[in-house]
Amino acid sequence: MSAQIQTNNARRGRVQRTLMVAVALSYVAVLLLAPLAGITYYGLKSGLGPIGDTFRQSDIQHAFYLTFVIMLVTVAVNTVFGVIVALVLTRDHFPGKRLVSALVDLPLAVSPVIVGLMAVLLFGRGGWFESFFAAQGIQVIFALPSMILVTIFISIPFVIREVVPVLEELGTEEEQAAWTLGASKLQTFFRVTLPNIRWGLLYGIALSAARAIGEVGAVLIVSGSIQGQTETATLYILRAFDQYQEQQGYIVALTLALFSIVLLIGIETFKRKSTREVR
Amino acid sequence: MAGSIDVRGLTKSFGTFQAVQDVSFSAAEGTITALLGPSGSGKSTVLRMIAGLEQPDSGSVWVSGEELTDASVQDRRLGFVFQHYALFRHMTVRRNVAFGLSVRRVDKSAQRERVDELLELVGLAPFAHRYPDQLSGGQRQRVALARALAPRPQVLLLDEPFGALDARVRQELRDWLDDLHRELGVTSLFVTHDQEEALELANEVVVMNHGKVEQVGEADQIYNQPATPFVAAFVGSSNVLRGTVWERHVHFGRSAVAGAHSIPDGREAVAYIRPHDIEITTAPGEMSFPIAVERRTDMGWMAKLHLRLEDGQPLVAQLPNEEIQGVGPGQRLHANLRNPKVFSDDRVHTASAADGEPAPGDDRDEDADDQAEGSELASARPA
C-alpha cells in the first residue's frame with residue numbers, strides 16, 4: 001500500500017521535472033534558437049553566390065571595418081581603464097567611493113539612445129565642447145570619434161564588474177608578500193595581480209567586445225549613418241531592411257551572429273576557468 | 001650589528017583605536033625573539049611596521065644599526081612570512097621560491113642554485129613542480145619560509161607562522177624551525193598568541209597587551225619573574241588568590257604567603273600561584289595552608305586537584321601522580337604555596353580594566369583555543 005504511494009510520488013516528481021525541463025528548453029528554443037535558425041535559413045537560402053556578392057560590396061566591407069575598429073579601440077580603452085578603476089575601487093579608500101562604484105553601472109541603466117543624445121548635446125552644434133574641437137579641426141559628431149566615444153561609454157561596466165570581485169577574493173596578502181620580496185608595484189601588478197585576475201579580465205573583455213559589436217542606438221544617433229563613411233555593420237542591417245535588400249541584411253546579420261557565438265563560447269570557457277580560479 | 005633589530009617608541013593608531021603605544025625593544029643578532037600577546041594586543045601591527053607594511057605615527061625602526069623608518073618595503077630586504085602563507089597561487093613551488101631572486105634580476109644559474117639549495121633545506125625538493133593548492137598546510141608554510149629566505153634577508157619576520165595549522169603539525173614545524181634557526185642563525189622575530197610556542201622557541205620574549213609592552217625578558221624570566229599581573233596571568237596558568245597585606249605577607253584567613261615586599265600594610269593584594277608550585281602534605285608545616293580536596297582528575301602521569309582554602313577561595317594544583325597517591329575528595333590536608341607572585345590590588349585593576357574588544361585589523365582570525373588552554377585555572381581577571 002505505502003509502496004504504491006511511494007512509486008506514485010516518485011512518478012509525479014519525475015513528471016514535474018520533465019515538465020520543467022520541457023518548459024525551459026522550449027523557452028530557449030523559441031526565443032533564441034528560432035531567430036538564429038531563421039537568420040541562417042534566409043542568409044543561406046539562395047546558396048553561396050549572394051554571400052560572395054555581399055562581401056564584395058564596398059559599403060559593406062567598410063561597415064565591417066568600422067565595427068571592427070570601434071570594437072578594438074573600445075576594448076583597449078575599457079581594459080586599461082577598467083583594470084585601473086577596479087584596482088582603485090578594491091584597494092584604496094577615499095570619500096565617495098561607493099558613489100563611484102554605483103556610477104560605474106550607470107551605462108547599464110541608461111538607454112543607449114539617451115547616451116547618443118547626450119553626446120550630441122556635448123559635441124553637436126552649439127554643444128559645450130563643439131567650439132573647442134572645431135578650433136582643432138576635429139570632427140567629432142557624425143564621425144568616428146563620437147561613435148567610439150559612445151561605445152566606450154556603453155561598455156564601461158563590463159571589465160570593472162568582472163574584475164572587482166576577483167580582486168576582492170584575491171585579497172592583498174600576495175601583493176604584500178611580493179613587496180617584501182623586493183618587487184616594485186609595477187612588477188607586483190604584472191607578475192602577481194594580473195596573472196591572478198586574467199580569466200575574469202578576459203571574460204570582461206569578451207563581454208565588452210560583444211556589446212561594442214552589437215551597439216545600434218547610440219551609434220545611430222551620433223553617426224548620422226552616412227553610407228560608406230559612418231555606417232557600422234549593425235547600421236547597415238537597418239538600412240538593408242529599409243531598402244528591401246533583405247538578403248544582404250540577413251547575410252551581414254548572420255556574420256555578426258556567428259562572431260558573437262564564437263565570443264560567447266570564449267566567454268563560457270573563461271567563466272569556467274575564472275570560477276575555478278576563485279577558490 | 002648585522003641583523004639586529006631595534007624598535008624605538010613605535011606608536012600607531014587606526015582611526016580612534018590606539019593599536020600600538022610607545023613600543024620599544026631590541027633583538028640581538030642571531031636570536032629568536034617572540035612578540036607574545038592576546039589578540040588585539042598590537043603585536044602584528046608592530047611586526048608589520050618593522051616590515052614597512054604599515055607606517056608608524058611616531059617612533060623608529062632600526063635594522064643592523066641603520067634606520068629604516070622611512071624606507072620602502074622593497075628596500076628593507078627583510079623576510080616576511082604570513083600566517084596564511086600568501087603563496088603565489090599561479091606559480092609552482094620552484095617559481096614561488098625564486099620570486100625574490102628573479103625580481104632582483106639575479107643571474108639565472110645563481111637563481112637555480114639558490115632555489116635548489118632552499119628546496120633541499122625545507123625538504124620540498126620532490127614538490128618543486130607542484131602548485132600551492134596541491135600542498136598541505138605545513139608544506140605551504142615551509143615554501144613560504146623558503147621563499148622569504150631565498151634573497152638572504154638580514155632579518156626574518158614571521159606573523160603567527162603556525163597559527164593556521166593543526167596542533168600536531170604545529171609542534172613538528174616548531175621543532176623544525178628551531179633546528180633551521182640553529183643551522184642558519186638568521187635573526188628572527190615572530191608573533192604569536194601561544195605562550196608555549198613563545199617560551200619554547202624564543203631566546204627573548206616581548207609580552208604585549210593593549211598596544212603596550214608589558215615585559216621584555218628571557219623565557220624563564222617571563223615565566224618565573226613576571227613584571228606585571230598581566231604577564232603572571234597570561235604566561236603559563238596561575239591560581240589567583242586575593243588577600244590583605246600585613247608585614248610583607250599576603251594573608252588569606254589564618255594563612256599567608258610571602259612576597260609582598262613593597263606593598264603597604266592593610267592594602268588588598270593578589271597572589272598568582274602556578275598549579276605545579278603547590279605541595280600537598282598531611283602534616284601542617286610552618287607556612288602551610290589547611291585545605292579541603294574537592295575533586296581529583298587523573299591525566300596520565302599527573303593529576304589535577306581541585307582544592308579549597310579555609311576562606312573559601314578555590315585553588316587548582318597539578319602534581320605528578322606519585323606525589324599524591326591516596327589523595328582524594330573529602331580529605332582535609334595541608335598545602336605549601338611556593339613562588340607566589342604578588343601584586344598590589346590596584347595594579348591588577350589597571351591591568352584588567354582596559355580589557356576590551358579585539359582590535360580591528362590586528363590578529364584577524366587567530367583561534368582562541370590556545371588562550372583558553374588552562375584558563376580553567378587562571379581565570380586571571382579579578383572582577
Side-chain angles (χ1 to χ4, degrees), chain A residues 79 83 86-98 162-205 269-279, chain B residues 14-15 44 47-48 50-54 71-92 95-106 131-134 140 143-153 155-160 164 361 364-365:
Chain A
T79 301
V83 170
L87 278 172
V88 168
L89 283 179
T90 49
R91 298 287 190 259
D92 293 313
H93 299 278
F94 55 91
K97 181 168 144 175
R98 295 182 59 156
E162 288 309 316
V163 172
V164 162
V166 183
L167 278 174
E168 271 169 0
E169 172 74 26
L170 180 65
T172 53
E173 271 208 345
E174 283 183 45
E175 289 166 17
Q176 292 181 357
W179 300 342
T180 63
L181 290 164
S184 67
K185 299 257 162 135
L186 213 61
Q187 277 177 319
T188 303
F189 175 75
F190 282 107
R191 302 180 64 154
V192 176
T193 315
L194 192 59
N196 273 318
I197 63 171
R198 65 194 158 187
W199 297 119
L201 180 60
L202 279 176
Y203 185 38
I205 289 173
T269 325
F270 296 150
K271 196 163 69 175
R272 214 163 305 133
K273 284 197 172 167
S274 94
T275 46
R276 219 180 311 144
E277 185 173 281
V278 177
R279 263 171 292 233
Chain B
F14 296 105
S44 282
L47 197 77
R48 292 174 61 81
I50 297 171
L53 291 168
E54 221 63 82
S72 71
V73 188
Q74 289 86 353
D75 291 341
R76 294 189 190 205
R77 313 192 66 119
L78 310 178
F80 199 99
V81 176
F82 292 81
Q83 181 181 0
H84 297 287
Y85 329 121
L87 295 179
F88 306 126
R89 59 190 99 175
H90 62 287
M91 295 183 198
T92 59
R95 289 192 51 215
N96 262 285
V97 176
F99 187 87
L101 304 170
S102 78
V103 294
R104 293 205 169 103
R105 305 209 163 74
V106 171
Y131 284 88
D133 63 355
Q134 298 168 315
R140 286 183 212 183
V143 176
L145 205 67
R147 182 179 68 176
L149 288 171
R152 300 181 197 279
V155 158
L156 191 60
L157 306 170
L158 305 104
D159 189 3
E160 296 270 3
R364 278 156 297 252
D365 52 351

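Below, all heavy atoms of this structure are taken into account, side chains as well, without hydrogens, waters or symmetry copies.
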If one checks every heavy atom of B:Arg76 against chain A at 4.5 Å, the contacting part turns out to be neither
Determine whether a donor-acceptor pair (N or O, by modelled atom type, separation under 3.5 Å) exists between the side chain of B:His90 and the backbone of A:Arg191. yes
Report the C-alpha distance between B:Val73 and A:Gln176 in whole Å, list the side-chain angles of each, state the deciding distance to 0.1 Å, and finish with yes or no for side-chain contact (heavy atoms from CB on, under 4.5 Å). CA-CA 9 Å; B:Val73 188; A:Gln176 292 181 357; over 6 Å; no
What heavy-atom pair brings B:Ala148 and A:Leu181 nearest, and what distance separates the two atoms? CA-CD2, 4.2 Å
Near B:Arg77 CZ, under 6.0 Å, is it more than 12 heavy atoms from other residues, nucleotides or ligands? no
Minimum heavy-atom separation for B:Val103 to A:Gly182, with atom names? CG2-C, 3.9 Å
Exercise: identify the closest heavy-atom pair between B:Ala86 and A:Ala177: O-CB, 3.8 Å
Chain A contact via B:Leu101 - which portion, at a heavy-atom distance below 4.5 Å: neither
Could you measure the distance from the CD atom of A:Glu174 to the CZ atom of B:Phe99? Nearest 0.5 Å is fine. 10.0 Å
Which atoms of B:Arg105 approach chain A - backbone, side chain, both or neither, heavy atom under 4.5 Å: side chain
Which atoms of B:Ala144 come close to chain A, meaning under 4.5 Å heavy atom to heavy atom: side chain ones, backbone ones, both, or neither? neither
What part of A:Ser184 lies closer than 4.5 angstrom to a heavy atom of chain B: side chain, backbone, both or neither? backbone
Looking only at heavy atoms, the pair that brings B:Arg89 and A:Leu170 closest together is NH2-CD1, 3.1 Å
Any donor and acceptor pair, going by atom type alone, linking the side chain of B:Gln74 with main-chain N or O of A:Trp179 inside 3.5 Å? no
Under 4.5 Å from a heavy atom of chain A, the part of B:Leu53 involved: side chain
Heavy-atom distances under 4.5 Å only: say whether B:Phe88 touches chain A with side chain, backbone, both or neither. both
Check the surroundings of atom NZ in A:Lys97: do more than 12 heavy atoms from other residues, nucleotides or ligands lie under 6.0 Å from it? yes
Give, as side chain, backbone, both or neither, the part of B:Ser72 having an atom under 4.5 angstrom from any heavy atom of chain A. neither
